[in-house]
Amino acid sequence: MARTPFDWLDEQADVRRRAGLVRTLRPRPADSPLLDLASNDYLGLARHPEITGAAAAAARRWGGGATGSRLVTGSTELHAELERELADFCGFESALVLSSGYAANLAAVTALAPHGSLIVSDAGNHASLIDGCRLARGTVQVVPHGDTEAVRKALDAHQGPAVAVSDSVFSVDGDAAPLAQLAEACREFGSGLIVDDAHGMGVLGDGGRGAPHAAGLAGAADVVVTVTLSKSLGSQGGAVLGPAKVIDHLVNAARTFIFDTGLAPAAAGAALAALRLLRREPERGARAHAVATTLHDRLTVEGLQAVRPDAAVVSVCAPSPELAVQWAADCRGAGLAVGCFRPPSVPDGISRLRLTARADLTEEQIVEAVRVISRTAPPAAGE
């Protein structure tokens, strides 16, 4: 039989199967009966009628797509309005909306770390920050997770421009970065700080204004923040927040902004409506955090190993990749959707169930979720 250029994929597929690391798409119906602890809809806004209505209205007015890159035809008055309100809400001078949070992270890191610069990256950072580091022309040094002193030592050993890069809330365990200490270390050496606040905005800070706002870093001249519109705001897209000169530089230098089609108007309209709703209902973020804490406490009482959440993500340790997959499948069979994180998604190699709390979960739903997770847990999960 003639060989094809892609026969090597069969070997890769076999390696994944033997390691229990096969990933499968599972399209969900519009009216899924599952109790959702797997999505990132922290504030319960993705299906809120005000948000879906705004998305529909934006599509009717501006069209189904942006029609081009932001620098050609893809910038609408709606995009500009969203940028102004995002910057104002989070406490920054300016904002730039991109088509995804992934694109926002690549834009910020690659454009702000030119040749000759140093990027100090936390070992627990999201894949989008890691890919931004790989694509940037600067030198990258990865430091142990949450180790501010290691950041300080790396910056001290470098001569020239530098930035430290960190998630604000890490997506695997839901633990928060020591942002104030990171900023202090960066300022000792005149370095910048780039913070991915995807899991903090909407949940942490005054009224959900984010982890940098809570740490007193909002509006700082040496801090740049990226956010996603697809989690707390229930829409899609991403943004970079920071000093006006930084945003102007990204417009002129960030390839994932310049060469990408602009965010669809429906997503921009939905995000703007969600942001305005959050202003009116600032208690939603605190509620999501409270639900996460309750889930953690009750799962721990049941004998499971769960990481105390700093925001809305609850991580529950599983004995192995295979058992994690089976555990998640058993939960699904019992009517509960949970996330399942395995290598290479987890930097420490420990497989987990990943639960995401929502502000709109009821007490009855919390009780049911804990019951299903504890009843389906593998015997070794509590050891």
Looking at V195, I119, V165, which one forms a side chain to side chain contact (heavy atoms under 4.5 Å, CB included) with L129?
-> V165
Determine whether more than 12 heavy atoms belonging to other residues, nucleotides or ligands lie under 6.0 Å from atom CD of Q12.
-> yes
Give the intermediate values and the outcome of side chain to side chain donor-acceptor pair (under 3.5 Å) for residues N105 and T226.
-> CA-CA 6 Å; N105 274 342; T226 62; 2.6 Å; yes
Please check if the side chain of H126 supplies one atom and the backbone of D167 the other of a donor-acceptor pair under 3.5 Å.
-> no
N-O pairing of E81 and R84 below 4.0 Å = no
Under-4.0 Å salt bridge between D131 and R134 = yes
Under a 4.0 Å N-O cut-off, is there an ion pair linking D360 with R47?
-> no
Got a sec, which pairs hit salt bridge (charged side-chain N to carboxylate O under 4.0 Å, His left out) with one end in residues 57-76, sequence neighbours left out?
-> R70-E83
Could you walk me through whether L34 and R332 pass side chain to side chain contact (heavy atoms under 4.5 Å, CB included), step by step?
-> CA-CA 7 Å; L34 297 176; R332 176 174 290 272; 3.0 Å; yes
Given side chains that start at C-beta, do those of T376 and L336 come closer than 4.5 Å, heavy atoms only?
-> no
Which atom pair, heavy atoms only, marks the closest approach of A87 to S94?
-> CB-C, 3.8 Å
Can a salt bridge be assigned to the pair R352 and D173 using a cut-off of 4.0 Å between side-chain N and carboxylate O?
-> yes
Quick note, ring pair (Phe, Tyr, Trp, His ring centres under 6.0 Å) partners involving residues 146-170, not counting sequence neighbours, are H145-F170
R308 bridged to D175 by N-O distance under 4.0 Å | no
Only pairs at least two apart or in different chains count here, so list each side chain to side chain donor-acceptor pair (under 3.5 Å) that has a residue in residues 200-215.
-> none
Can we say E368 and R371 salt-bridge, meaning some charged N sits less than 4.0 Å from an Asp/Glu carboxylate O?
-> yes
